[in-house]
Amino acid sequence: MPLQPLRFSEIPGWQDDDHDAALAAFLRHCEDRAAPVTAGLSGDDRHALCEAAGSAAASKNSGAARRFFETAFRPYRISDKGFVTGYFEPEFAGARQSDSLHGTPLLRKPAELVPLSDMPRPDGLAPDLTHAFRTETGRLVEAPDRGAIMDGALAGRGLELVWLADPVDAFYIHVQGSARIRLADGGSMRVGYAGKTGHPYSPIGRVMIERGLAEPGTVTMSVLRKWLADNPQEIDDVLRRNRSYIFFREIDELGPDDGPVGAAGLPLIAGRSLAVDASLHTYGTPVFVSATLPAVADGQERTFRRLMIAEDTGSAIVGPARGDIFFGTGDAAGRQAGGVQHSAEMIVLHPHPPVPEPRP
């Protein structure tokens, strides 16, 4: 990545952030033996990093968390132009069985779906596919895309996990990667990402731009949903434009106050969890994000300057300075996330071994 070294004193808004909250988010990556920010660190340095983080969190001294980050890391501005969007965990009504109201399913991952990253790519598969189906004879073939699945390519196999009333709601869950479902017979369930067909992601909002209905950079999910609600005859064709299809699993290991599980395997934290390009960033890396974002209540812009933790990813999150900010669960978080399509500055914090002992 194109990186420019900085001093912490050169980062606008750094001193005003809640470093204790950022440290609490970072420390969760120390609970696993893999440890955080493993790139370029030896096992001893990873251990020292977590020890220093734990000592800072336990300290009763004001500013200990900020001193930990300033001591254990060095900041680097990503020179590429940054861009952030927002995402959240939506909440929708649904049912475990299909009925006259609930007719659009979320599907479990088929057993034959395999990632292509760790195996030779056979002839005939498109170079941009990330997953494929393995046939009974062991041959790898392209998985059905969204249009084929909408036409019934996987029907009759018992893959239906839960049913929703609105296909746009189901698509929205595909974009977000997780959701809470209020069940018709009482109770609720949570669903999370389990796999994908491997086809390239295509933003369906591009349809509005192509037709001259919106300018580039203005098609948020809320704008798109309103247009589809006003033009229901467009829904089927528009959804098929995104060939990528997501599979889900039921999440039952989380508490009701936990966020959804991100790609790093940890529950996401509103305002602290950042989705990044996982081919370029290591999960657990602190990233300081600076942007001017819209305020939901009065429409006025607000400054967003926050030390976040890279711990999720997504098909549309591509590039060194591309981020997706997690805003939380439910409608209020959705209103915040839905209006975010903004330029941003990204500053990554890289560990600076050996990690000195924390100050008393």
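The first residue in the sequence is number 1, and the count goes up from there.
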Backbone N or O of [Y] within a donor-acceptor pair of the [X] side chain at under 3.5 Å?
| X | Y | value |
| --- | --- | --- |
| D17 | H19 | no |
| T313 | V276 | yes |
| E91 | R180 | no |
| R272 | L307 | yes |
| R190 | I251 | no |
| R96 | W163 | no |
| Q341 | V219 | yes |
| D312 | L274 | no |
| H102 | Q97 | no |
| R249 | A194 | no |

Any [X] side-chain heavy atom under 4.5 Å of [Y] side chain:
| X | Y | value |
| --- | --- | --- |
| F171 | N242 | yes |
| L116 | L140 | yes |
| H29 | T285 | no |
| Y87 | V340 | no |
| V162 | L183 | yes |
| L266 | Y283 | no |
| V84 | L293 | yes |
| Y172 | L164 | no |

Look at the aromatic rings of F69 and F73 and report parallel, tilted or perpendicular, splitting at 30° and 60°.
tilted

Parallel, tilted or perpendicular: which one describes the rings of F68 and F26, with boundaries at 30° and 60°?
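The arrangement is tilted - the two ring planes meet at 30° to 60°.
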
Hey, are [X] and [Y] close enough for a salt bridge, meaning a charged N less than 4.0 Å from a carboxylate O?
| X | Y | result |
| --- | --- | --- |
| D331 | R335 | no |
| E210 | R206 | no |
| E311 | R28 | yes |

[X], [atom1] atom: more than 12 neighbouring heavy atoms under 6.0 Å:
| X | atom1 | result |
| --- | --- | --- |
| E215 | CD | no |
| R157 | CZ | yes |
| D99 | CG | yes |

Checking D277 against S279: is there a side-chain donor and acceptor pair closer than 3.5 Å?
yes

Taking atom types as modelled, find out whether W227 and E234 have a side-chain donor-acceptor pair closer than 3.5 angstrom.
no

Hey, would you say the Y245 and H199 ring centroids sit under 6.0 Å apart?
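No, the ring centres sit 6.0 Å or more apart.
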
Pair T85, R322 - check side chain to side chain donor-acceptor pair (under 3.5 Å), show working.
CA-CA 8 Å; T85 48; R322 176 71 170 90; 3.0 Å; yes

Using side-chain contact (heavy atoms from CB on, under 4.5 Å) as the criterion, point out the one residue from E345, M308, R305 that pairs with F288.
R305

